[in-house]
Amino acid sequence: MAETVGPGSPVTVLPGIGPVSQEALAAAGMETVQDLLDCFPVSYRDYTSPRTLSEADSEPHLYKAVLRRPPRGNWVRGGLHILSLDVADEDGSTWASVRIFNQPYLAAAIQAADCIYLDGTARQVEGRLTFSAPAVLTKLPAEGIVPVYRRLPGLSPARHRRAVKAALSMLASDDPYSSFFQERYRLLSRGQAYRAVHAPRTMAEQELGRYRFAFESGLVSTRMLDLAGAEQTAENTRIIAAGSRIHDFEQSLPFTLTGAQKKVIAEIAADLEGTCMMNRLVEGDVGSGKTVAAFFAMYAAAADGFQSYLLAPTEVLASQHAASARRLLGSDKVVLVTGSMSAAERTAAARRIRSGEAPYIIGTHALLHGEERPPRPALLVTDEQHRFGVRQRRTLLGDNGEMHALSLSATPIPRSLALAVGGMSRISVLDELPPGRLSVETRMVGRNKISDMYAFMAEHARSGEQAFIVCPLVESADGSSLHSAEQVYTELCSRFPDVRFGLLHGRMPAAEKQSAMEEFRTGRTAVLVATTVVEVGVDVPAATLMIIHDADRFGLAQLHQLRGRVGRGQSRAWCFLTSASAQARSRLSVLCRTQNGFEIAEADMQERGAGEVLGLRQHGRGPDVVDIRDTAMLAAYREILDEMAADPRLRSDYIYTAERAAERLDGQRRDVGFN
Ligand code: ADP
Ligand code: MG
């Protein structure tokens, strides 16, 4: 069957988008034609209604004027060319002087034109209206209004615009919302709205287009919040007598629990003994000991004859968990299931799962696809749970949530946000690190200090410590000054031949990735140059140095996560954030001030808006419509949803909205664990 080209196709189907542009778009989260359409212009250049000079104010605008005398050009000191124009309104009422630098060739075109357009700011200089270095046009673009997109390194604005234009022509004409719905709420159709946003004829049309998406997103987001806040209920709750097991569990550990761990374990025990299925999120910074809290739940379940699953996002993590479970819970009670196991190993594992002799079933996604099911499953623990969708977890949990669910996350939800959506009672917070953990000294590094920083790194590497270097790009892109992993790797290998470097990025085959990680974990490579694939929790206690290049390209919460990869061992740890911009350095300074993930999460939310933190808003898209602190706005959308639910003519629209909300909650990367 021939593949049809449409909004779901990769961006490379668009004219002018080759591998380099594709990478530039991918770095901004855009992979498909639809993604490109969902990235709205940040502003517009409006060429439809130029002003007269008499309307000048202190803002930048487009002006139309006529020439009063031939342009005069002069070369002055230092090879600078100045072209001076005297212009006026067509009726001769207002005059202005214009100075244009280093474009002598413009003179002829300007003289030949009937009128000219000045794009810039008019200032009063010695009582005379003056333009210094405006953009000068002799003809206006045919589009009238030209969209301005967020500048992406490696993609020229003209190319970006051309690709979007082609993308618009691929839009399907049908609309998921009925025409009754559209009329009722005075909305443009989807296709019209995309055109209005990306290729508006007037600025008013552009606003109508955005309104359509804002409205849709407001409905879906509100519905998501309702879904997220809904309590999970189940009829056949498996009650586990967990409270009475706490003491024995503590006694069995080789270390003393922190106060926070004790508190969380008590909360879990209360859930397991309650009349509803547990649905709890344990949040805590990297290294706060979330796994042990989860082990307690698994231990209590096993003591009552139940089996538990522990689902990890990568093989490395799954093996690490299996190893600690064997150490802390009993070596003969653990079964590990991963995708790279042989058929014979899988069969043996399946047998141990089915017989129930191994109550601790630990594995990766492979667990979801396996047929083997234990006799009395009662608990599903999901580590780094934002890596899994609701639907994936449901394969194990069953549609009605037939198991207790415990999720572990190192991405703290800002407290204010959790309170607002009413999920606070189901979140356990590990806000205390086990004793002996070191704080990570965090410093901002300007471009001119990068060389010193590398020297510092090499010195530490020579004395047996390890370092991560995280770059925003895999390979260098044209016109981009951002660091790429490949380029940094090559540069450092030749600069420090006595230090062993490794390379790790998402475009490498899985086997190579595994071996790069393994080489680093076992200390054979001293420095791992990587992209953000290192984000997921892997223990490398000898890693004491984290360098993040172009740190302003990352969110605060993500930087905090990355920093958490170091400082897990005994030696002093460092995190260096490089950035070319002084402004960015001040935005990131909160990371230098605090290690508290919750404080950083609050700052992150202030920066990005609550909607984005919750994953309500797609990357780069339009305005942040639903600010969950805006209760009046939420109430308004809720009212509309109620109205839709009650009106049979809006039935399909209601179902579509609800399904979109469920899907988004499911698929969102920053899944926050309310489901
Ligand atoms: P994370 O919260 O990042 O998942 P882990 O659960 O992996 O953290 O714990 C990190 C390390 O700290 C593990 O090696 C674990 O055995 C150890 N650990 C956990 N709790 C304590 C404690 N109370 N005292 C000492 N070490 C602990
Ligand atoms: Mg962990």
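On a predicted model such as this, the values are computed, not experimentally measured, just so you know. Whatever order the structure lists ligands and atoms in, that order sets their numbers, starting from 1.
Between P434 and ligand 1, a contact under 3.5 Å exists for no N or O pair. Among the atoms of G289, some N or O lies under 3.5 angstrom from an N or O of ligand 1.
Checking D383 against H321 by side-chain atom types alone, a donor-acceptor pair falls below 3.5 Å.
Counting only residues at least two apart or in different chains, side-chain hydrogen bond (donor to acceptor under 3.5 Å, both in side chains) contacts with residues 245-259 comprise R245-D304, T258-Q261. Applying the side-chain hydrogen bond (donor to acceptor under 3.5 Å, both in side chains) definition to pairs two or more places apart or across chains, those involving residues 348-358 are S355-E357.
In this structure, K333 places its NZ atom where only 12 or fewer heavy-atom neighbours from other residues, nucleotides or ligands lie under 6.0 Å away.
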Q | H483 and I450: CA distance, side-chain angles, deciding distance, side-chain contact (heavy atoms from CB on, under 4.5 Å) verdict | A | CA-CA 12 Å; H483 287 82; I450 288 182; 4.0 Å; yes
**Q.** Working for ring pair (Phe, Tyr, Trp, His ring centres under 6.0 Å), residues F295 and F249
**A.** CA-CA 9 Å; F295 281 175; F249 179 72; 8.0 Å; no
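Listed by number with element, the atoms of ligand 1 under 4.0 angstrom from any heavy atom of T258 are 23 (N). Close contacts between ligand 1 and D285 involve ligand atoms 2 (O) [criterion: under 4.0 Å to a heavy atom]. Near G287, with a cut-off below 4.0 Å to any heavy atom, the atoms of ligand 1 are 1 (P), 2 (O), 3 (O), 8 (O). Atoms of ligand 1 lying under 4.0 Å from any heavy atom of V292, numbered from 1 in the order shown and given with element: 19 (C), 20 (N). Numbered from 1 in the order shown, with element, the atoms of ligand 1 that lie under 4.0 Å from a heavy atom of T256 read 22 (C), 23 (N), 24 (N).
Using a 4.0 angstrom heavy-atom cutoff, S324 does not count as in contact with ligand 1.
Contact annotation: for T291 versus ligand 1, heavy atoms closer than 4.0 Å belong to both the backbone and the side chain.
V440 pairs in a side-chain contact (heavy atoms from CB on, under 4.5 Å) with only one of the listed residues (R563, M546, H560), which is R563.
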